[in-house]
2 protein chains.
Amino acid sequence: MKLDAIDRKIVAILQEEGRMRTNELAEKVGLSPTPCARRVVALEDRGVITGYTASVNQEMLGLPISIFVSVELDNQRAEALQLFEKEVQTFDEIMECFIMTGSQDFLMRVVAADLGSYERFLQEKLTRVPGIRSIRSRFALRRIIKRDRLPNLSH
Amino acid sequence: MKLDAIDRKIVAILQEEGRMRTNELAEKVGLSPTPCARRVVALEDRGVITGYTASVNQEMLGLPISIFVSVELDNQRAEALQLFEKEVQTFDEIMECFIMTGSQDFLMRVVAADLGSYERFLQEKLTRVPGIRSIRSRFALRRIIKRDRLPNLSH
DNA sequence: CGTGAAACTAACCACCC
DNA sequence: GGGTGGTTAGTTTCACG
């Protein structure tokens, strides 16, 4: 899966302006529209570009709170991990979840309207998943960086 | 800033399919194209929709590693916080950064191509920011949830 | 909010280099 | 792999009910 300089430029631009048209994009990357469109389709087909999304203001949509939740499991057997993974997929409040190195736990960012609804999330959803040894919540006061575009590789 | 049911539906759809056309969107929300387009413009103008981005596969772009970095400052004076905030804005490797409650520190997700480039990020960038008391890095093995769409408010 | 018409543009294809 | 031209189809935008 090789990406040349033009592919990387296309990806960089579309990360910042996901609705840009083929014509404008082609001009910006120095191609004519047809090969530019071909590249975009190829990037989508290869799974480099996985979709297009509108970025929204979380506060304005009534979800001002982000909580980072660390979850440790009772044991690290593969079935336990898979079960947990399957269960949490169904929880809409979790925006992202990572398996971490070290004590083999999970780190997730949960969004909520207020502390009450976060508590409900804990009591009615997360703590009901079997196999959890501990849960730790850390609250975010404010987000100071939200970047849409991945850095370039240059070292 | 009131959003009715149709606005929320528009926002929900565009979070999952950011390139959807006015016609199709209008049909899905039960409106004719003109008022639907008017609503989208209004949502953008009010700052509910802040932009459109292509979602990409981080691994395929050569950045397979995510690291959660907790930074604690020497002191919590406003100037120290603002200085830190200003400095880290310039670091492309930081995809998101939150100010946390409690010990008043920062939590950020940093992406890297490999451990070497992460170490360079630490040594050449992050540790050179003045006023840092401690830095803790936790590595993600794998991301199991990446959600584009915020949950609905329903309680 | 909806309709209809006008103007514009974008996407697509076959073909050539 | 990139470029051109032409056709088609669709989109946006407006004035108005």
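A, B, ... follow the sequence lines: proteins, then strands. Residue 1 opens every chain.
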DNA chain D: Ile6(A) or Arg21(A), which has the more 5' nearest nucleotide? Ile6(A)
dist Lys86(B):NZ -> Glu79(B):CD (nearest 0.5 Å) comes out at 14.0 Å
Could you give the distance from CD (Glu124(B)) to OG (Ser117(B)), rounded to the nearest 0.5 Å? 10.5 Å
Is the charged tip of Arg19(A) near the ring of Tyr52(B): under 6.0 Å from the six-membered ring centre and within 45° of its axis? yes
Set of residues satisfying ring-ring contact (aromatic ring centres under 6.0 Å, His included) with respect to Phe84(B), sequence neighbours excluded: Phe106(B)
To the nearest angstrom, the CG-P distance between Asp4(A) and dG2(D) comes to 7 Å
What verdict does the ring-ring contact (aromatic ring centres under 6.0 Å, His included) test give for Tyr118(B) and Phe139(B), after you've listed the backbone C-alpha separation in whole Å, the side-chain angles of each residue and the deciding distance to 0.1 Å? CA-CA 11 Å; Tyr118(B) 178 61; Phe139(B) 291 80; 5.7 Å; yes
Atom CZ of Arg19(A) and atom C1' of dT11(D): how far apart are they, to the nearest Å? 12 Å
Within residues 23-46 of chain A, which residues have any heavy atom lying less than 4.0 Å from an atom of DNA chain C? Asn23(A), Thr34(A)
Pairing pattern in dot-bracket form [Watson-Crick, G-U; both distances under 3.5 Å; | = partner strand] for DNA chain C: .||||||||||||||||
My understanding is that only one of Arg149(A), Arg147(A), Lys28(A) makes a salt bridge (Lys or Arg N to Asp or Glu O under 4.0 Å) with Glu16(A); could you say which? Arg149(A)
One should read off an interatomic distance between Lys9(B) NZ and Leu25(B) CG, to the nearest 0.5 angstrom, of 10.0 Å
Quick one: pull up CG in Leu73(B) and CZ in Arg133(B) and give me the separation to the nearest 0.5 Å. 9.0 Å
